[in-house]
Each structure stands twice: as C-alpha cells, then as structure tokens.
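Have a look at the structure below, then the notes.
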Amino acid sequence: MVLFNVNSLIHVLCFDYLCMQAIQGNDITVKSYKVESRITSRFAHTTVKSSVVNSGPNAQSIGFNVQIPKRAFINNFTMNVNGITFVGSVKEKTVARNLYAQARARGKAAGIVRYAMETFRTEVHVPPGSKVEFELHYQEMMQRKLGVYQHMLHLQPGRLVPLLQVDVYIFEPKGIKFVTASNTLGEQFADLTKISHAKEKAHIVFKPTLQQQRKCENCTESAVDGVFTVKYDVERENNAGELQVSDGHFIQFFAPSDLSPLSKNIVFVIDVSGSMWGLKMKQTVEAMKAILDDLSMDDYFSIIDFNHNVRCWSEDLVQASSLQVDEAKKYVQSIKPNGGTNINEALLRAVQMLVRASNQGLIDPRSVSMIILVSDGDPTVGEIKLSTIQKNVKRVMREEFSLFSLGIGFDVDFDFLERMAMDNRGVAQRIYANHDAAEQLKTFYSQVSSPLLRSITINFPENAVNNVTQNRFDKFFSGSELIVAGKLQPSDLTTLQSFTTAAAANMDLNIQTEADIRELDSVLGTHQHSFTGFARQMWAYITVNQLLAERSLAPTASKKRRITQRIVALALEHQFVTPLTAMLVEGHDQGRPERLIADSPRDSKHGCCSGTKSKHSPKNENEYCSTTATYSIVNLPHPFDFIAVDSDPHFIMHLPKSNVDICFNIDSKPGHILNLISDPGTGVTINGQLVGSKKMKNNKIQTYFGTISIYSKTDSVQVIVGTDRIDLMEGRNNHSFSWGATVELALNRIRVTIVKEQHVTVTIDGKISVTVLLHSVWKKHPVQVDFLGIYMSSDNKYSTQVHGLIGQFAQEPKVKVYGVHEGADPKKKEATMEVKGNKLAVTRGWQKDYRRDKKRGSDVYCWFIHNSGKGFIDGSYTNYILPQLDSFLTAI
Ligand SMILES: *[C@@H]1O[C@H](CO)[C@@H](O)[C@H](O)[C@H]1NC(C)=O
Ligand SMILES: *[C@@H]1O[C@H](CO)[C@@H](O)[C@H](O)[C@H]1NC(C)=O
Ligand SMILES: *[C@@H]1O[C@H](CO)[C@@H](O)[C@H](O)[C@H]1NC(C)=O
Ligand SMILES: *[C@@H]1O[C@H](CO)[C@@H](O)[C@H](O)[C@H]1NC(C)=O
C-alpha cells in the first residue's frame with residue numbers, strides 16, 4: 001500500500017547579477033542539460049532545458065539559473081514538477097502582478113518573471129524523489145561587430161551531467177562565409193566541438209561525455225564553467241544589401257565593405273577624477289595610447305581631461321601627425337587622477353571645440369565628427385542634475401556631431417550615459433573595470449574608428465510596406481550592419497525592392513536591392529532546423545527596442561504613455577519580457593482538479609537578491625535583481641497511491657498487490673483517541689482525537705479528527721496538529737505555530753513544513769512522512785466544525801513491529817473479492833471479500849480524496865467494509881482507542 005502526501009514549495013524567480021551555477025542544490029541529480037540555438041538570418045531563438053531529480057532524502061530547493069545575453073528577451077518559461085506543468089505567458093506588468101496576487105489568494109501556485117538583465121534565476125522547493133524539468137526560451141538579434149556575428153552561451157551546469165549537449169543551428173540564405181566555435185572552458189575542451197558547414201547552413205555540436213566533463217581524472221567536479229561562443233559572418237554580394245521577405249515581413253540588411261574610410265574629427269573627453277585612480281586610469285592610458293596610434297593623417301583630434309576642472313591638451317583640433325600623436329601620448333601618460341567630476345563643463349567644451357573647427361572651415365563636410373567620453377562616475381561638481389546636463393549638451397550639439405559614451409565600472413549611472421549618447425546619434429558601452437578594460441576600450445574604439453558612410457537612408461516603394469523601423473542612419477562603421485524591418489502591405493506584388501542612398505568618402509551611393517516575396521518561405525520550409533517565424537519576431541524585436549529608446553527620451557508624459565502602450569501591445573503579441581511586461585507562470589494540470597496551493601512570499605532577505613550583493617551591484621536594484629514569488633504545490637501521486645483518513649473519519653487504502661481499494665468508517669465517540677500508526681521499532685506513534693459535529697445528522701453525531709499527534713519517542717519530539725494551531729514539543733520545550741503563515745522547521749531528524757491555511761507535513765528522518773490537511777468551515781456553520789485529514793506515504797519505512805489502524809497494513813494481507821452482484825441500491829454493487837481468514841460482505845462505494853480539492857474532494861471508488869472495518873482490521877476498532885495522544889498500542 002502506498003501513500004503519499006508530499007508537498008512542495010516553489011520559490012520562484014529571482015534575478016541576480018551573481019548567479020553562477022545553472023543548477024543549485026545538494027544531492028541533486030542532473031539528468032540532462034541541453035542548450036539549443038536556432039539562428040536564422042541573424043535572429044536567434046535559444047532554448048535551455050534541464051531535467052533534474054531531487055535524489056536527496058529531504059525536500060529541498062533546486063535552483064535553475066541561466067545567464068542570458070544583455071540584449072535578449074525571454075519569451076517563454078515552462079517548468080514541470082512531478083507532472084504538473086507551469087507555463088508562462090507575457091502580460092502587462094501590473095496586470096501580471098495583479099493576476100499573480102489573485103492566483104495566490106485563490107491558493108494557486110504561480111510565479112512571475114520580470115525583466116532583468118543578464119540572469120534568469122528560479123528556484124523550486126520539492127520533496128525527495130521529485131523530478132523537475134525546466135525550459136527557458138529567449139530571443140535576440142545578432143549584431144555584427146568588426147565583421148562577425150557572435151553568439152555566446154554561458155555553460156555552467158555546476159555538476160557532472162550524463163547528457164550535456166549544445167547545438168547551434170545557423171541558417172543564412174545568402175550563405176555562411178565562415179563559422180568558428182570557441183570556449184573558455186579550458187584546453188581539454190578545445191577539440192570537442194564539431195562543426196558541419198554547408199553553403200547556407202551550419203551545425204555546431206558540443207557534447208562532452210561525463211568523463212570529459214571532469215575537472216581531473218577521478219574528480220566529481222565539472223570543468224564545464226564558462227562561455228561557449230560561435231562566430232560567423234555571411235556572404236555578401238559586393239556592396240549590395242540583402243533583402244529578405246518571410247511571413248509578411250521583410251528585413252533589409254546593409255553591410256558594405258571595401259570602401260575607404262571617411263576622415264574623422266574626434267575629441268576624447270576623459271574623466272580623471274579621484275575615483276579613476278589606480279587600475280582604471282592605467283588601463284585608460286594604455287588604451288588611449290593605442291587609440292592615438294591608430295589615427296591617420298587625415299584625422300583631427302584633441303583631448304580634454306576633467307575632474308572638477310576642465311583642461312584641454314590642445315584648445316583646438318589638431319591634425320593627427322605622428323609628432324602630435326606622440327605629444328598627446330606623453331600628455332595622457334602624465335595624468336594624475338584626483339578631485340571631483342564636472343561632466344557638464346567638459347562636454348560643453350568638447351562641443352565648442354568641434355563647432356569652432358566647423359566655423360573655421362577646418363572640417364571636411366564628408367568627414368565625421370565625434371566626441372568620445374570615458375567616465376567612471378556621476379557628476380559631482382558644476383551642474384550635477386542629469387537632465388539639465390542632457391539638455392545643455394543637446395542644445396549646443398550639431399546634427400553632424402555624435403557622442404559616444406563609455407562607462408567604466410558600476411559606479412557610473414549607465415542609463416544617463418546611454419541617454420546622452422542616444423540623444424546625440426551615438427551609442428554607449430559599459431566597460432568592466434578588470435584586467436582587460438584597456439582591451440574593451442580599444443575594441444569599442446575600433447568599432448567606431450572606421451566610418452565608411454554618412455547619411456544613409458533605406459527606402460521602399462510606398463504602398464508596398466508599412467510599420468518600417470528606423471531607416472535613416474547617421475553613419476555606417478566598417479564591420480557593422482544596418483538593419484531595417486517592416487511589414488508587407490497586402491498586394492499582388494511578387495517582388496519587393498529597396499533603395500539605399502548614402503555618402504561615402506568620395507562619392508554618393510545609390511543602391512537597389514530586390515527580393516522575391518515567396519522564395520525564402522519555400523526555402524525555410526525545407527530546412528528542418530531553421531527558425532521559420534524569424535522575420536516576424538525580428539521586426540518586433542527591432543521595433544520594441546527602438547520604442548524603448550524613444551520612450552527614454554520622450555519629452556512629455558503623454559508621449560511617453562503612448563509609446564508605452566505601443567511597446568506593451570507588441571510585447572504581448574510577440575511574447576517578450578521587456579522592462580514593461582512580465583511573464584506570469586501558472587500551473588496547469590490537464591483539466592484535472594486544482595492541486596496547487598500558494599504560499600506567502602519568502603522573506604526577501606533570504607532571497608538571492610539582498611544581503612548577498614557584491615561590490616558590483618548596480619545602484620538600481622530593479623535593473624538586475626528582483627525577488628518574486630514563493631509558492632507551493634501539493635504534489636499528488638497517482639490517484640490510488642495513498643492511504644488517507646479524512647472526513648467523518650473514513651479510511652481509504654490502496655492495496656497494490658491485490659490491486660483493490662478499500663474503505664471503511666470508524667464510528668467512535670468525540671474525545672476518543674484512535675491509534676493509526678504504532679511502531680515500537682522506530683519509536684513512532686501517530687494518533688488522532690475525534691471531535692463531533694455541532695448537531696446530529698440522521699440521529700447521529702458525526703465525528704472527525706480534530707487533533708493529530710505525531711510522536712517520535714527516539715527524538716522526544718511530538719507534533720500536535722490542531723485545527724487552530726500546531727504545537728511542537730521537544731523535551732520540555734513547547735513551540736506553538738499558527739496556521740496563518742508558511743513555515744519550515746528542522747529539528748534534528750524531524751522536519752515540519754506548515755503551508756499557510758493548507759497543510760502540515762511532518763517527516764521523520766526522511767523515512768516517515770505524514771501530511772495533515774486542514775479543512776476549515778464557516779465559523780458559524782450550524783453543523784460542521786473544522787477538522788483534519790491525514791495522508792501518508794506508502795513509502796514510509798516502518799519496522800516489522802508496526803501496528804495500528806493503518807500500520808497493520810504495511811504488511812499487505814491477501815485480499816480476494818468475488819461474487820460481484822447487484823445490491824439493494826442499484827448504484828452500489830455488492831460482493832464477498834476474503835481477508836485474514838474472514839468472509840465479509842462488501843459494497844461498492846466511493847469516498848472522497850480531498851488532497852486536490854479541499855472543498856469538493858474527488859471520488860475514489862472502493863470496496864466499503866461495514867461495521868467499522870470489522871474483519872478487515874485486526875480485532876475491533878475499540879482495541880485502537882488509547883488514553884493519551886502519545887500512547888503506543890498494546891498487543892491486540
Ligand atoms: C511556451 O511553451 C509551452 C510549452 O512548450 C507552450 O505550450 C506554449 O505555447 C509556449 N508559449 C509561447 C508563447 O510560445
Ligand atoms: C583513478 O581511480 C582509479 C581506480 O580507482 C585509479 O586506478 C587511478 O590511479 C586514479 N587516478 C588518479 C589520477 O587518481
Ligand atoms: C502599423 O501601421 C499601421 C498603419 O500606419 C498602424 O495603424 C498600426 O498601428 C501600426 N502597427 C504597429 C504595431 O506599429
Ligand atoms: C504548548 O503551549 C501552548 C501555548 O503556550 C499551550 O496552550 C499548550 O497547552 C501547550 N501544549 C502542551 C502539550 O503542553
């Protein structure tokens with residue numbers, strides 16, 4: 001016979017900058033860890049799946065963490081806990097929050113996934129033996145930088161995994177020029193990646209065996225901890241664009257090469273305040289020297305360094321001759337950081353310098369002018385109000401100038417730097433203050449050091465398209481890519497055309513590109529691993545990102561609101577978790593009755609978000625980190641795999657060997673204490689005391705369990721569960737808990753989990769587990785009283801001496817049911833049962849199992865034994881009446 005109970009808590013979803021291992025927990029078996037990316041035309045859909053088993057003796061939390069790329073949007077998350085599926089759906093943020101609160105108020109399990117950068121984290125608290133499957137999906141557009149698309153996957157399974165596999169499928173209609181894969185996992189993994197590459201598709205597989213994952217020959221630690229990177233580029237026809245049409249959407253790619261660079265006018269604006277002292281300054285100097293060396297004779301430049309004061313290496317732009325470059329390098333080398341930060345003044349001076357050069361006719365109209373700001377902190381001197389600085393800079397900036405900002409470390413308000421850059425046709429980048437900061441600075445610079453085109457516009461025939469994303473670009477830098485997407489208008493066109501105009505160093509360009517409207521879809525259909533919906537998602541991805549940028553610059557509240565509405569509508573339609581949407585994760589159980597129970601949120605102090613913040617923690621916690629839910633599931637096994645005593649009180653029992661379900665009632669009196677389990681071998685006794693209903697029904701007082709005692713003599717611990725509170729007695733200590741809060745207690749070998757207003761589970765040494773369910777009725781109910789149901793696992797490991805109304809069936813008796821015939825009540829068949837040498841008349845009936853639905857219960861068909869189980873149980877039920885809640889049964 002069997003039984004169960006089992007409850008589990010799910011603490012869901014917290015994001016955190018620090019989360020490391022994919023799977024967290026002790027005594028956990030990770031069966032598989034699979035990452036699959038499908039990249040089609042630079043748009044990637046990545047799925048991370050893991051199957052995990054709690055192989056420990058106790059309930060515990062299993063964490064699933066995934067580091068996701070900065071620019072990716074999560075767009076699905078599902079979790080299967082012992083057959084119960086939790087599915088995510090994207091909702092407007094406040095709607096998600098409300099639904100989430102409602103679900104929990106109704107006692108349903110639910111979680112919420114909020115937008116956070118870089119780390120997805122979830123945690124499930126599950127009983128021993130539980131199987132949990134996680135599945136996370138995210139999407140992102142690959143951005144071409146310095147001639148390559150780079151797809152990065154963080155692999156940190158945290159332990160050895162029998163099935164660890166990474167698959168990256170690339171499909172590029174124009175052909176793949178090259179594809180490489182590398183990883184930071186260590187030398188032993190260098191040759192394990194297999195790449196197959198045909199003209200327009202590639203498949204990269206990385207599948208280290210368990211043995212290969214080991215840190216050393218006989219170690220149990222995994223060496224898989226790092227980044228797996230796939231790099232590739234696509235074939236391009238001369239300098240034409242690439243136009244793709246699929247599924248009613250089009251994407252225009254434009255990435256010309258082989259053009260001579262435009263000359264540039266650059267003002268470097270470098271923060272030399274006190275906080276830059278040390279490594280940051282050293283690395284900045286190193287990077288600046290390399291950057292200055294890279295300037296050509298056609299370029300003009302100057303350097304402004306600022307703390308509370310603003311100094312210029314040269315008041316005017318100078319030509320980048322080798323003499324001037326050497327002078328500048330010496331100047332940079334001599335900088336000693338100290339003092340405050342006057343960003344406002346420094347930037348205004350930089351703009352003035354460019355304006356003066358322009359007014360003096362020094363600037364070639366085909367050249368590009370830019371300011372590159374390097375800073376590590378907030379303004380502290382002069383104008384310090386961020387919005388005023390932003391306005392001041394914007395006011396003096398000219399249309400033909402751009403501002404690029406680099407934020408070093410985490411003290412800087414990166415949002416501010418980014419807004420300023422976007423406001424002035426530039427981009428911002430965060431530089432991590434570590435040993436390779438100089439490398440990061442140089443890499444960023446090389447992305448903008450080679451402007452090939454200016455004033456690029458990509459047009460489409462009117463009436464052919466709408467909802468076109470940004471199609472005018474200030475500059476095109478060598479190695480990058482411009483992308484425009486839109487929707488096709490319904491028409492009978494069979495081809496779509498685009499027209500690109502741009503100014504190169506010595507010429508104006510006009511480029512026409514054409515695409516067959518149906519061709520790509522028919523090709524995609526034949527490729528098994530392509531991502532067929534890519535164009536639609538990619539259009540939405542670009543549009544949402546643009547709208548988010550517009551929103552952060554919106555001048556009025558009403559404009560901001562309108563943009564917000566558009567973003568939310570798109571994010572819902574395309575299922576993106578953005579800063580304005582969240583994903584609600586709810587349990588579904590294929591139409592079976594509700595079996596999920598909510599829990600109150602966990603104290604956030606113990607969550608991963610607070611208390612464990614590192615030095616790198618950003619100021620705006622929400623940006624990276626938000627604790628979400630705690631919830632629980634009453635996790636049920638197969639409907640018949642249990643023993644239960646519930647209601648008035650009726651016993652339900654499944655006997656697996658004979659495969660019959662048996663039930664009986666015990667008609668005893670209020671106040672009586674009945675023994676359920678009495679096991680001198682393990683020192684455990686479980687008794688229930690009856691309470692009566694308030695009034696008679698059919699001339700009879702109904703009885704129920706009002707108190708359940710679980711006593712472990714070995715531990716000197718007794719848990720007394722009442723309908724009003726739970727007492728935990730250990731020696732002379734007496735702790736009392738209410739039903740009003742979710743609490744987990746561990747007292748040496750005893751674990752007690754109280755799930756608010758729902759149930760209590762007591763586990764003794766991981767071997768014996770009992771769940772007591774609380775049935776609350778309306779306080780003024782004329783007849784009913786609050787009562788308890790008790791459910792036990794058939795896995796419980798008792799000694800051979802176990803007895804009691806339930807305990808005696810640990811050794812299953814032989815049961816035979818025969819002679820089934822119609823009874824007096826046509827709905828209830830009758831039969832004869834042979835058990836323990838007795839022949840009993842039994843009736844087919846049903847009893848309620850309340851674990852899934854505490855209000856209505858679900859029906860369990862069983863053979864009903866009359867006369868309080870007489871003949872089925874040893875002796876008479878009166879033999880099981882004991883004097884005390886902690887008494888053991890004496891011989892029957
Ligand atoms: C999320 O995944 C689940 C399970 O695979 C699926 O049923 C559901 O349709 C997915 N939702 C979206 C929006 O793709
Ligand atoms: C690993 O274990 C095997 C078998 O126990 C042993 O023969 C071998 O020497 C061990 N290798 C190392 C490096 O400890
Ligand atoms: C697409 O364009 C149409 C027509 O201009 C407009 O009504 C619609 O709102 C746009 N849709 C989106 C998602 O921007
Ligand atoms: C335990 O303490 C509570 C409250 O302090 C008390 O009401 C209850 O009777 C005590 N239980 C026992 C068994 O001593």
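In what follows, residues are counted from 1 in the order of the sequence shown. These values consider heavy atoms only, across backbone and side chains, with no hydrogens, waters or symmetry-generated copies.
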(message) side chain to side chain contact (heavy atoms under 4.5 Å, CB included) for Asp727 and Arg725? Distances and angles first, verdict last.
(response) CA-CA 7 Å; Asp727 289 338; Arg725 64 161 199 271; 2.7 Å; yes

(request) Compute whether any side-chain donor of one residue and acceptor of the other, for Asn82 and Ser130, lie under 3.5 angstrom apart. (result) yes

(message) Rounded at 0.5 Å granularity, tell me how far CH2 in Trp739 sits from CD in Gln758.
(response) 8.5 Å

(request) With rounding to the nearest 0.5 Å, note down the distance linking CE in Met729 to OG in Ser716. (result) 11.5 Å

(message) Side chains of Phe864 and Asn665, heavy atoms from C-beta outward: is any pair under 4.5 Å?
(response) yes

(request) With sequence neighbours left out, write down each residue that passes salt bridge (Lys or Arg N to Asp or Glu O under 4.0 Å) with Asp765, or none if nothing qualifies. (result) Arg749, Lys767

(request) To the nearest 0.5 Å, tell me how far Ile686 CD1 sits from Ile764 CD1. (result) 6.0 Å

(message) Could you work out, with side-chain hydrogen bond (donor to acceptor under 3.5 Å, both in side chains) as the rule, every residue matching Thr878, not counting sequence neighbours?
(response) Ser876

(request) Give, for atom OG of Ser222 and atom CG of Leu160, the distance between the pair rounded to the nearest 0.5 Å. (result) 5.5 Å

(message) Test of understanding: with salt bridge (Lys or Arg N to Asp or Glu O under 4.0 Å), list the residues that count as partners of Glu830, not counting sequence neighbours.
(response) none

(message) Below 30° counts as parallel, above 60° as perpendicular, anything between as tilted: where do the rings of Tyr711 and Phe888 land?
(response) perpendicular

(request) Tell me, please, which residues at least two apart from Val660 pass side-chain contact (heavy atoms from CB on, under 4.5 Å). (result) Leu655, Ser658, Ile662, Val815, Val817

(message) So Phe86 and Phe77, do their side chains get closer than 4.5 Å, heavy atoms only?
(response) no

(message) Suppose we screen for salt bridge (Lys or Arg N to Asp or Glu O under 4.0 Å). Which residues come up paired with Lys836, at least two apart in sequence or across chains?
(response) Asp874

(request) Sequence neighbours left out, what pairs pass salt bridge (charged side-chain N to carboxylate O under 4.0 Å, His left out) with at least one residue falling in residues 57-66? (result) none

(request) Using ring-ring contact (aromatic ring centres under 6.0 Å, His included) as the criterion, list what pairs up with His672, not counting sequence neighbours. (result) none

(request) Identify whether NZ of Lys or CZ of Arg in Arg844 sits under 6.0 Å from the centre of the six-membered ring of Trp863 and within 45° of that ring's axis. (result) yes

(request) Could you tell me the separation between the CD1 atom of Ile726 and the OG1 atom of Thr707, rounded to the nearest 0.5 Å? (result) 11.5 Å

(request) Would you check if there is a donor-acceptor pair between the side chains of Asn80 and Thr85 at a distance under 3.5 Å? (result) yes

(message) Is the shortest side-chain heavy-atom distance between Ser668 and Ile881 below 4.5 Å?
(response) yes

(request) Give the ring-plane orientation class for His775 versus Phe787, where under 30° counts as parallel, over 60° as perpendicular and anything between as tilted. (result) parallel

(message) I want to check something: taking the side chain as every heavy atom from C-beta on, are Pro883 and Ile673 in contact at a cut-off of under 4.5 Å?
(response) no

(message) Contact between Tyr791 and His759 at the side-chain level, heavy atoms closer than 4.5 Å - yes or no?
(response) no

(message) Quick check: do Leu674 and Phe705 have side-chain heavy atoms less than 4.5 Å from each other?
(response) yes

(message) Please enumerate all residues that pass salt bridge (Lys or Arg N to Asp or Glu O under 4.0 Å) together with Lys694, with sequence neighbours excluded.
(response) none

(message) A side-chain contact here means heavy atoms from C-beta on lying under 4.5 Å apart; do Tyr798 and Val684 qualify?
(response) no

(message) Applying side-chain hydrogen bond (donor to acceptor under 3.5 Å, both in side chains), can you list everything that pairs with Gln213, at least two apart in sequence or on another chain?
(response) none

(message) Are the side chains of His803 and Tyr880 in contact, using a 4.5 Å heavy-atom criterion?
(response) yes

(message) Quick test of your reading: applying side chain to side chain donor-acceptor pair (under 3.5 Å), list the pairs with at least one residue in residues 882-892, sequence neighbours left out, ordered by first then second residue.
(response) none

(message) Tell me every residue that passes side-chain hydrogen bond (donor to acceptor under 3.5 Å, both in side chains) with Ser51, counting only those two or more places apart in sequence or in another chain.
(response) none

(request) Could you tell me the separation between the CD1 atom of Ile750 and the CG atom of Leu728, rounded to the nearest 0.5 Å? (result) 8.5 Å

(message) Test: salt bridge (charged side-chain N to carboxylate O under 4.0 Å, His left out). Region: residues 673-693. Which pairs qualify, not counting sequence neighbours?
(response) none

